[in-house]
Structure formats: structure tokens, C-alpha cells
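Presented below is the structure to which this report refers.
For clarity, every value in this text was computed on a predicted model and none was experimentally measured.
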Amino acid sequence: MKKIIYWALLLCAVVMSGCIKRSDIVFHKVEGVNFFGQTGMEMALKVENKAGVNVKLHSGVMILSLDGRPALEVSLKEQVVIPKRSETTIVLPLKMRLVNPIAALSLMGGGIGDKASRITVSGKATAKVGLAKKRYEVDDMPLGDLLAKFGVSNPGQIGI
């Protein structure tokens with residue numbers, strides 16, 4: 001009987017370790033974006049993890065499209081950990097790749113500010129929360145809506 005209770009408690013602990021609410025992870029703002037080389041980029045985000053487990057961002061790919069044409073792909077270069085029960089700044093090491101050079105030149109020419117209403121973002125991310133892996137997807141979200149989730153009302157605020 002003790003073994004059954006032990007295994008039941010162990011199973012509950014395993015199941016509960018991956019159960020956190022989306023509200024437990026809060027993205028406060030983009031603190032900065034640094035570009036280096038032709039394809040390198042780092043983005044500093046102020047985040048808060050209210051959960052009792054570390055959150056590990058394993059992979060992520062985001063595609064920026066201008067007028068429905070994919071232009072630029074941004075991907076996570078290495079795993080990033082958001083420590084449990086903390087409010088901290090994490091740095092995302094990112095790599096950029098041109099999907100469509102003509103659309104990318106149009107996107108980057110003159111800055112993003114005046115084109116923000118025509119840019120959409122699609123992407124996927126995988127995070128490990130406790131023992132469970134979670135997948136998040138975004139399909140054709142307007143860039144302004146995505147930036148607003150990170151507390152950015154004007155793309156010029158973060159240097160793009």
C-alpha cells in the first residue's frame with residue numbers, strides 16, 4: 001500500500017512540475033537590441049518568472065513578413081534559462097537569415113517605423129517547464145500587436 005501511495009505522489013509531482021499558468025511568465029519590456037556582424041543580434045528582455053520551476057527556452061523561430069511576403073527569419077542560437085521565482089533581464093542570442101532578399105531590403109530600407117502596419121510576424125517556440133515541454137505558436141500577428149505585448153509602442157524605442 002505504501003508503494004502505491006509513493007508512486008501516486010511521484011506521478012502527481014511529475015505532472016504538476018510542468019503545470020504553470022501563462023500568467024506566471026511576464027514579459028515586462030524590451031530593454032535593448034544589439035546588432036553585430038551581418039547576421040548576429042542580441043535582444044535583452046526584462047522578464048518575471050513567478051513559477052516555482054526554471055523555464056528553459058530551447059528553440060524559437062520568428063519570420064517577419066512584409067505585405068504577406070516572408071522577408072527575414074530570426075532564430076534562437078542557444079538555450080536560455082529564466083530562473084524560477086525571479087525578475088531579471090535575459091539576453092536572447094539570435095541569428096538572422098534573409099528569406100527573400102528583395103522583401104528584406106524593402107523591410108529594412110528607411111527603418112521599420114513607417115512600415116509597422118504592413119509587417120506581420122509568424123513563429124514557433126519550444127520551452128521546457130519543469131519536466132514538460134510546451135510549444136507556442138503565433139500566426140501572422142501584426143508587428144505592432146507583438147511589440148505592444150513587450151511594452152513597446154514605437155519600434156524606434158528599441159532601435160529598429
Side-chain angles (χ1 to χ4, degrees), residues 18 20 22-51 53-160:
I20 66 169
R22 280 189 183 231
S23 60
D24 286 344
I25 306 296
V26 180
F27 293 96
H28 291 290
K29 68 178 184 173
V30 175
E31 291 191 341
V33 177
N34 294 320
F35 296 94
F36 51 91
Q38 292 182 356
T39 62
M41 177 177 157
E42 286 183 342
M43 183 181 293
L45 297 173
K46 185 169 185 178
V47 297
E48 182 177 1
N49 181 358
K50 299 176 187 176
V53 294
N54 290 338
V55 175
K56 297 176 185 171
L57 302 175
H58 279 280
S59 64
V61 175
M62 194 179 328
I63 297 175
L64 282 96
S65 300
L66 178 64
D67 296 328
R69 294 176 298 168
L72 188 67
E73 179 182 284
V74 179
S75 58
L76 188 63
K77 286 195 327 188
E78 59 189 53
Q79 175 178 300
V80 176
V81 177
I82 304 172
K84 62 183 174 183
R85 294 189 182 100
S86 68
E87 184 171 334
T88 187
T89 299
I90 61 168
V91 176
L92 300 176
L94 303 168
K95 183 174 111 179
M96 297 182 294
R97 182 178 74 84
L98 297 177
V99 176
N100 180 343
I102 295 172
L105 285 173
S106 177
L107 179 71
M108 294 305 189
I112 290 179
D114 58 334
K115 299 177 194 88
S117 63
R118 298 170 30 212
I119 299 171
T120 58
V121 178
S122 300
K124 297 178 185 180
T126 304
K128 187 170 181 186
V129 182
L131 298 174
K133 275 194 178 179
K134 309 253 182 192
R135 281 188 78 90
Y136 300 98
E137 292 189 30
V138 173
D139 289 323
D140 293 326
M141 176 184 281
L143 178 64
D145 293 352
L146 180 70
L147 292 176
K149 288 180 183 260
F150 292 98
V152 176
S153 58
N154 176 9
Q157 286 178 282
I158 57 172
I160 57 173

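- To the nearest 0.5 angstrom, R118 atom CZ is 5.0 Å from L66 atom CG.
- Counting heavy atoms from C-beta on, the side chains of T120 and S65 come closer than 4.5 Å.
- For M41, the side-chain contact (heavy atoms from CB on, under 4.5 Å) partners at least two apart in sequence or on another chain are V33, F35, M43, L94, M96.
- For the pair G68 and P70, the tightest heavy-atom approach, listed with the atom from each and the gap, is O-CD, 3.7 Å.
- Between L92 and L57, some side-chain heavy-atom pair lies under the 4.5 Å cut-off.
- Distance CD1/I63 to NZ/K124: 8.5 Å, rounded to 0.5 Å.
- For the pair L72 and V99, the tightest heavy-atom approach, listed with the atom from each and the gap, is C-CG2, 4.1 Å.
- Side chains of V61 and E73 form a contact here, defined as non-hydrogen atoms less than 4.5 Å apart.
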Tell me which donor-acceptor pairs under 3.5 Å the side chains of residues 75-90 have, and how far apart each pair is, sequence neighbours excluded?
unit_1	atom_1	unit_2	atom_2	d
Q79	OE1	H58	ND1	3.2
S86	OG	P83	O	2.8
T89	OG1	E31	OE1	3.0

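- No more than 12 heavy-atom neighbours from other residues, nucleotides or ligands sit within 6.0 angstrom of CD on Q38.
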